[in-house]
There are 2 protein chains.
Amino acid sequence: MDALAPMRAQGPLRTLRMSETAYEAIEGAIVRCELAPGTPLVDRQLSEVLGVSRTPIRDAMQSLEAAGLVVRTRGRYSVAGFDLDDVRELFEMRRLLEPPGLERLAADWDPAVVEELATFFDGAPEPGPPGPYEEYLARDHAFHKRIVALSGNSRLIRFYAIAEKQINRIRHYLAPGYEGRMKEVVNEHRDVCEAIAAHDLDAARAALISHLEAGEATMAKYLAQQQEKENPGG
Amino acid sequence: MDALAPMRAQGPLRTLRMSETAYEAIEGAIVRCELAPGTPLVDRQLSEVLGVSRTPIRDAMQSLEAAGLVVRTRGRYSVAGFDLDDVRELFEMRRLLEPPGLERLAADWDPAVVEELATFFDGAPEPGPPGPYEEYLARDHAFHKRIVALSGNSRLIRFYAIAEKQINRIRHYLAPGYEGRMKEVVNEHRDVCEAIAAHDLDAARAALISHLEAGEATMAKYLAQQQEKENPGG
DNA sequence: ATTTGGAATTTGGTATTCCATATGCCCTTG
DNA sequence: CAAGGGCATATGGAATACCAAATTCCAAAT
């Protein structure tokens, strides 16, 4: 539980509720895997650590459960686990939710957006180990999030964000061994951008799907290795 | 607020929490449009009407907000509104989330499921006005829900359920004028089933998409009419 | 009559208290 | 020594109390 620091009282701009602040603190700790899967989350303990009462903590727990980061088993809360099935489900969601953005862009062409997508990795430090993994992750997220935002569908965007958080957590779990694919990812993003710039929707969609399938394969491979390492023989 | 009746104390099987019971009561009233869009939802009032304290009510409100049925504007809760944009977004989600079930069925063929899908409207009362709209709706939901379940993707199923609830609400809002399409819907379902039975995935997907597009067009038309009626001139 | 200041009320958020159940430990008993 | 019962504790859920901010409404002043 020492992964969590007391919430600082917010300054004059305190427009955020305590429950939201608590949510972000706990969510962050879970996504960064500072709270390991299976860790029991006891509201009284969290309440004491974060310096707020149980009420906002319980609100946060409810949101975290809806976000798929916390599970309630037999009435007790704990950090959600994940396995290869989750990887499969999450990447299927990405393959479903990302293409509509491309389609919308093809329908409502905007050169500025095309240009923007191509520049997400411009000026980035040289990727690849031992490159700055966190910055790479942020740029990768920004690229895909921008594509999803093009869909103009607020529900789609919201659902995608939920899936994205869960995937991000698994990425953190697998880092740093996971850094090896950074250069390939940048190249695959470029492929998507070039197909878009060429007004070739089918090629762009295919490149995006292919990119996601490669990502899923890599994540599944590393996760299987990691799980084998932690639980030999199963 | 008279749309809500006091929650009955549950019997010995009370495994549901008060907050869940409150959620279902309020959700039901919103989906059935007994609580009109824009109706302010004041926790103290709901607490009194439903006969529970504010705490479970506020838990329910949080869930209802996540379900997209309640909005919080300037700190006040109210029943979410909807418009043509919502219809567009919701049907786009359905067109995205339903096909994976068909694909999975094509990959893992199961004659029993194919048979099951074909029988969802067997033994139904003659559809069409003034047929029993509620039963028709239930069968329609069951058909699509079954297809979605075939995907085997728990996230997809969950997201679909959220969208489905919102669409269902708009259906209730537009009923009974909406009943006219019942016969066509049954025929379109049959088209999907026949394409599935013929092992023609592409045709099944096309029939399903076409069915959803027809549903969206109908709903959009009626909603536009209704809104014009309520707010002439806009 | 309109506007403005402020007080009362409303409302949401948070803290605290109370309660029911589940869990686990220990003691008893066979 | 094993199994079962019961007591202590842990934990989540609900009720209540308290607080701050926003809204409303009334009155007074111009």
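Chain naming here is simple, since letters A, B, ... match the order of the sequence lines and numbering starts at 1 in each.
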Which residues pass the side chain to side chain donor-acceptor pair (under 3.5 Å) test with B/Thr218, sequence neighbours left out? none

Residue pairs meeting ring pair (Phe, Tyr, Trp, His ring centres under 6.0 Å), one or both in residues 44-74 of chain A, sequence neighbours left out, come to none

Please determine if a side-chain N or O atom of B/Thr55 lies less than 4.0 Å away from the OP1 or OP2 oxygen of D/dA14. no

Counting only side-chain heavy atoms from C-beta out, which of C/dT16, D/dT23, D/dA14 sits nearest to A/Ser53? C/dT16

For B/Ser53, which residues count as a side chain to side chain donor-acceptor pair (under 3.5 Å) partner, sequence neighbours excluded? none

Roughly, in whole Å, what's the span from CG in A/Asp59 to P in D/dG12? 14 Å

Taken to the nearest whole Å, CD/A/Glu65 to C1'/D/dG12 is 13 Å

Who are the side chain to side chain donor-acceptor pair (under 3.5 Å) partners of A/Arg32, not counting sequence neighbours? A/Glu34

Just the table, please: protein N/O against nucleotides 8-12 of chain C N/O, every pair under 3.5 Å.
{"residue": "C/dG12", "atom": "OP1", "partner": "B/Leu41", "partner atom": "O", "Å": "3.2"}
{"residue": "C/dG12", "atom": "OP2", "partner": "B/Asp43", "partner atom": "N", "Å": "3.3"}
{"residue": "C/dG12", "atom": "OP2", "partner": "B/Asp43", "partner atom": "OD1", "Å": "3.0"}
{"residue": "C/dG12", "atom": "N7", "partner": "B/Arg44", "partner atom": "NH1", "Å": "2.8"}
{"residue": "C/dG12", "atom": "N7", "partner": "B/Arg54", "partner atom": "NH2", "Å": "3.2"}
{"residue": "C/dG12", "atom": "O6", "partner": "B/Arg44", "partner atom": "NH2", "Å": "3.0"}

Write out all pairs satisfying ring pair (Phe, Tyr, Trp, His ring centres under 6.0 Å) with one or both partners inside residues 73-99 of chain A, taking only residues at least two apart or from two chains. A/Phe82-A/Tyr173

When you match A/Ser19 and A/Arg74 each to their closest nucleotide on DNA chain C, which lands nearer the 5' end? A/Ser19

Starting from P on C/dT16, measure out to CD on A/Glu48 and report it in whole angstrom. 12 Å

Are A/Arg94 and A/Val148 packed together at the side-chain level, in the sense that at least one heavy-atom pair is separated by less than 4.5 angstrom? no

